Amino acid sequence: MAMDPLLSVEELKTYLTSSRGVVKAVDGVSFTLDRGQALGVVGESGSGKSVLARAIMGLPLPNAARSGHVRFDGRELTTASRAQLREVWGKRIAMVFQDPARSLNPVVRVERQLTEGMRAHLGVSRSEARDRAVRLLAEVGVPDPERRLTNYPHQLSGGMRQRVMIAVALSCEPDLLIADEPTTALDVTVQRQILDLLRRVQHDHGMSMILISHDLAVVAGRTDRVAVMYAGRILETGATAGIFAAPRHRYTDALLGVAPSLTHRRHSRFRLIDGELPDPCAPPPGCRFAPRCPSADAACVTPGPQLRRDGGLDHMFACLHPVEPVPADLVEGGHNGR
Ligand code: ADP
Ligand code: MG
C-alpha cells in the first residue's frame, strides 16, 4: 500500500475582506505532497501564492475567512488549536520568506536565532545547540561559522542572511519547508546559489518542500512537481519536467512563453503576459484566464472547467482548448528549449 502523503490540501479557500470587497485570494485549491518531494507553486504576482502558504500553515491573516482541509502527517490543521499549531510551526513545518532582513530579528545575534528553536523544540543543551548551529551554518555555506554566530543580521550580506534563514529553518529538522519567493530580493548569481542550496538540503534531509515563485525558471530542475496557480486556483499540475516540456493549459503555455531562463536573464528583457489578472473580488465565471486567452471561446466563460486528468497520467489541467500533447518519446529529456 502506498504511504499517505505528508500534506494533503483539499478545497482550500481563503477570502480576505478589504475596502474593495471580498478578495477571493485562494479559491478552491487541492493538491497532495509526498514525503521527500518538492513542489513548485508558480504564477504571476497576485495569484494567491503567499496567501496559500499562510493558509496551509494556519498563520493568522487579518480579516480572513478560511475553509477546506489541510491534513499534515495525519493531522487536520484547520481545526488545530493555537497551542497545537505552535508545536507544528518551526518544528514540523518551517518557512523561508523573501526578505531575510524582515524574518531575522535585527537586534538578536545569529547564535540565539539559530539555537532558540532547537532549545525550545528539541530540548538540547546550550552547548549542544551551539555545536549544531556551527554545523548548520557550515552546511548552508556560511564561511567561518564560529565567528558568524556572534554577528547581528545587519553585519551579513543579503545572500548570507538568506543562508542563515535557511539554517534557522533547518534547525529543528522539519518535515516540510515552505519557501516563498526565497530569492527574489537577491541578485541573479546569489539567487542561483541559494536555490541550489535549498534543493540540496531538501534532498539531503529527506524533507518535503514547497518552493513558491512568480518565476518558472526558479522551480525548473529544482522541484519534482509543479502547480501553476492563477487567480486563486491551480490551473495545471504534474511532474515538473513533463509540464515544462509539454504544458497543456494555455496559461502555463503563456507563462513559459514569457519566462527568460535564469541563466540568460541578464540579456533578456523581462516580459509579461498581455493583460492583467482579473479583479480578485469578482473573478470571471468559467476559466479565470479566459479574458486574456487567445484561444478562449464562449464555452470557456461558462462555469467550469475543472481540473481533469490527462489520459490517466499524473498530470491535470483545467483547459477546454489545451495545447496539443507532445508525443511521450519527445518529452524525454525535459525542457524543449524555449
Ligand atoms: P502572490 O503571492 O501570488 O503574489 P498574494 O497571495 O500575496 O499573491 O495575494 C493574492 C491576492 O490577495 C491579491 O489580489 C492580493 O492583492 C490580495 N491580498 C493579499 N493580502 C491581502 C490582505 N491582507 N488584504 C486584502 N487583500 C490581500
Ligand atoms: Mg507572494
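Note that the coordinates shown come from a computational prediction; the quantities given were computed from them, not determined experimentally. Order of appearance sets the numbers: ligands from 1, and atoms from 1 within every ligand. Every heavy atom of this structure was used, including side-chain atoms; hydrogens, water molecules and symmetry mates were not.
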Chemist: So, for Val110 and Leu156, which heavy atoms are closest and what is the spacing to 0.1 Å?
Modeler: CG2-CD1, 4.0 Å
Chemist: Could you tell me whether a side-chain N or O of Ser213 sits under 3.5 Å from a main-chain N or O of Glu181, the two making a donor and an acceptor?
Modeler: no
Chemist: Within 4.0 Å of atom 21 (C) of ligand 1 (strictly less), any protein heavy atom?
Modeler: yes
Chemist: Heavy-atom contacts with Pro280 under 4.0 Å: which atoms of ligand 1 show up? List them by number with element.
Modeler: 14 (O)
Chemist: For ligand 1, which atoms have a heavy atom of Ser47 less than 4.0 angstrom away?
Modeler: 1 (P), 3 (O), 8 (O)
Chemist: Under 3.5 Å between some N or O of ligand 1 and some N or O of Ser18?
Modeler: no
Chemist: Does the distance from a Lys or Arg side-chain N to an Asp or Glu carboxylate O, for Arg199 and Asp224, drop under 4.0 Å?
Modeler: yes
Chemist: Answer whether the closest heavy-atom distance between the side chains of Phe72 and Ile93 falls below 4.5 Å.
Modeler: yes
Chemist: Taking the minimum heavy-atom distance to atom 4 (O) of ligand 1, which of Gly21, Gly46, Ala231 ranks first?
Modeler: Gly46
Chemist: Between Asp4 and Arg71, is there a salt bridge with N-O shorter than 4.0 Å?
Modeler: no
Chemist: Which option, Leu52, Val26, Thr17, Val23, owns the non-hydrogen atom nearest atom 17 (C) of ligand 1?
Modeler: Val23
Chemist: Side chains of Thr183 and Gln193, heavy atoms from C-beta outward: is any pair under 4.5 Å?
Modeler: no
Chemist: Taking 4.0 angstrom as the limit and counting only heavy atoms of Ser45, give me the atoms of ligand 1 inside it, by number and element.
Modeler: 4 (O)
